[in-house]
There are 2 protein chains.
Amino acid sequence: MRIGELAARTGTTRDTIRFYERVGLVEGRRLPNGYRDFAPETVEWLAYVRTAQTLGFTLAEIARHGEELREAPDSADALSALFEQKIQVVDARMAELAALRAELTDRVGTGCPLRTA
Amino acid sequence: MRIGELAARTGTTRDTIRFYERVGLVEGRRLPNGYRDFAPETVEWLAYVRTAQTLGFTLAEIARHGEELREAPDSADALSALFEQKIQVVDARMAELAALRAELTDRVGTGCPLRTA
DNA sequence: CTAAACACTGGACTACGCTCCAAGGTCAAG
DNA sequence: CTTGACCTTGGAGCGTAGTCCAGTGTTTAG
C-alpha cells in the first residue's frame, strides 16, 4: 500500500505518516521507484497509535511499547502490564480531580475564592 | 511578595512565573523600582494552576476559567459545572481505556498481535 | 504525448509550555 | 563603595506533534 492510500484509510495525512516514520512509529519498505510500501496491518497499527495517543501516551512511548511488545516473550502479559499501568495513572488523575473538586467546592462555599486579586 | 519568594513558595522558577504573566495566568502589581509584587493569594492560585494542569487543562483554559469565575454571578455553580465537565472527559477516557484493554487482551489471546510487520 | 495525480526530499513554520541567557538596574550588608 | 543577591527586559532555543511548501520525479489516463 502506498502512502496516500494508508493516509486515506487511517484518516491521517501523508505528511503525518512521513513524520511517524521519522520518529520510528511506522516502517515501510520501499518500491524500486523509491515510493513507500506499507503492509496492510499498518492500518490497524495506526488506529492503535491514535487510540493510545488519546489516552495520553506520547509518540515516543507508543513506539517504545510497540518494540517492547514485539520483543516480549509473552505479549499478553506485557500488554496487560502496560495497560494496567496506564489505568493506574488515569485512576490517580481521577482521584486528584475528585479531591480538587471537593476542595474548590468547600472553598467557594466559605467565601474564599481562589483568586482575590 | 517578590518573584523569587513566589517561585520558592510554589516550587516554580522566576522564568516560569514571568511566562505565566505573559500569558495572563498571573497578575502582579509593580513596586516603584519596577519589581513585580504579588499578592499572598497568588501562592494558592499557582498551586491550583498546577493541579488543573496535571488534569489536562491548558494554560489558556485555566486563565480563561479564572476570568470566568471572577465574573460569574455564582462561582460555586460555575466551578461545579467546570469540573463536572472535566470529570466527564476523564470518565470517557477511562471507558475508552477499559475498552481498549479488553480488545487488546482478546486479540493477543487469539494470536493476533497488533503489529505483525 | 501531455496533463493530472501521486510520490519524493529537505526545510521552514506553528502552538504549547517552558528554560536559558545576556546585559543591565536595585538594594542591603560589610 | 563594593560585592552579591535579587530584579528587569528581550530574545533565543527546546521538545512534542505535527503542517505546509517548493522543487522534483513517477505513474496513469485520455
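In what follows, every chain begins at residue 1, and chains take the letters A, B, ... in the order their sequences are listed. Computed from a predicted structure; not experimentally measured.
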- Item | Where A:Ile62 and A:Val49 come nearest, the two heavy atoms and their spacing | CD1-O, 3.7 Å
- Any side-chain heavy-atom pair of B:Asp37 and B:Arg30 under 4.5 Å: no
- Item | Residue pair B:Arg36 / B:Leu31: nearest heavy atoms and the distance that separates them | O-CD1, 4.4 Å
- Message: Tell me the closest heavy-atom pair linking A:Val26 and A:Ile17, and the distance in Å.
- Response: CG2-O, 3.9 Å
- Length of the CZ-P vector between B:Phe19 and C:dC16, whole Å: 9 Å
- Task: Starting at atom CD of B:Glu61, determine the distance to atom C1' of C:dA15, rounded to an integer number of angstrom.
- Result: 14 Å
- Message: Using 0.5 Å steps for rounding, measure from the OH atom of B:Tyr35 to the CD1 atom of B:Ile3.
- Response: 11.5 Å
- Any B:Asn33 side-chain nitrogen or oxygen under 4.0 Å from OP1 or OP2 of C:dC27: yes
- What's the CZ-P distance between B:Arg2 and C:dC27, to the nearest Å? 9 Å
- Note on the structure: The residue, B:Pro32 or B:Thr58, whose nearest nucleotide of DNA chain C is more 5′ is B:Thr58
- Query: Atom CG of B:Asp15 to atom P of C:dC20: distance rounded to whole Å?
  - Reply: 8 Å
- Return the value, rounded to whole Å, for the distance between atom CZ of A:Arg22 and atom P of C:dA12. 13 Å
- Please confirm whether any donor atom in the side chain of B:Tyr20 sits under 3.5 Å from an acceptor in the base of C:dG17, or the reverse. no
- Query: To the nearest Å, how far apart are B:Glu5 CD and D:dA5 C1'?
  - Reply: 15 Å
- Task: Using a 4.0 Å heavy-atom cut-off across all strands, classify A:Arg18 as base, sugar-phosphate, or nothing.
- Result: base
- Message: Counting only side-chain nitrogens and oxygens, does B:Arg30 get under 4.0 Å of the OP1 or OP2 atom of D:dT9?
- Response: yes
- Query: Any side-chain N or O of A:Arg36 less than 4.0 Å from the OP1 or OP2 oxygen of C:dT9?
  - Reply: yes
- To the nearest Å, how far apart are A:Ile3 CD1 and D:dT27 C1'? 16 Å
- Phosphate-side-chain proximity, A:Arg14 and C:dA7, N/O vs OP1/OP2 below 4.0 Å: yes
- Message: With a 4.0 Å cutoff (strictly under), does any side-chain N or O of B:Thr16 reach OP1 or OP2 of C:dT19?
- Response: yes
- Item | d(OH, B:Tyr35; P, C:dT26) in whole Å | 8 Å
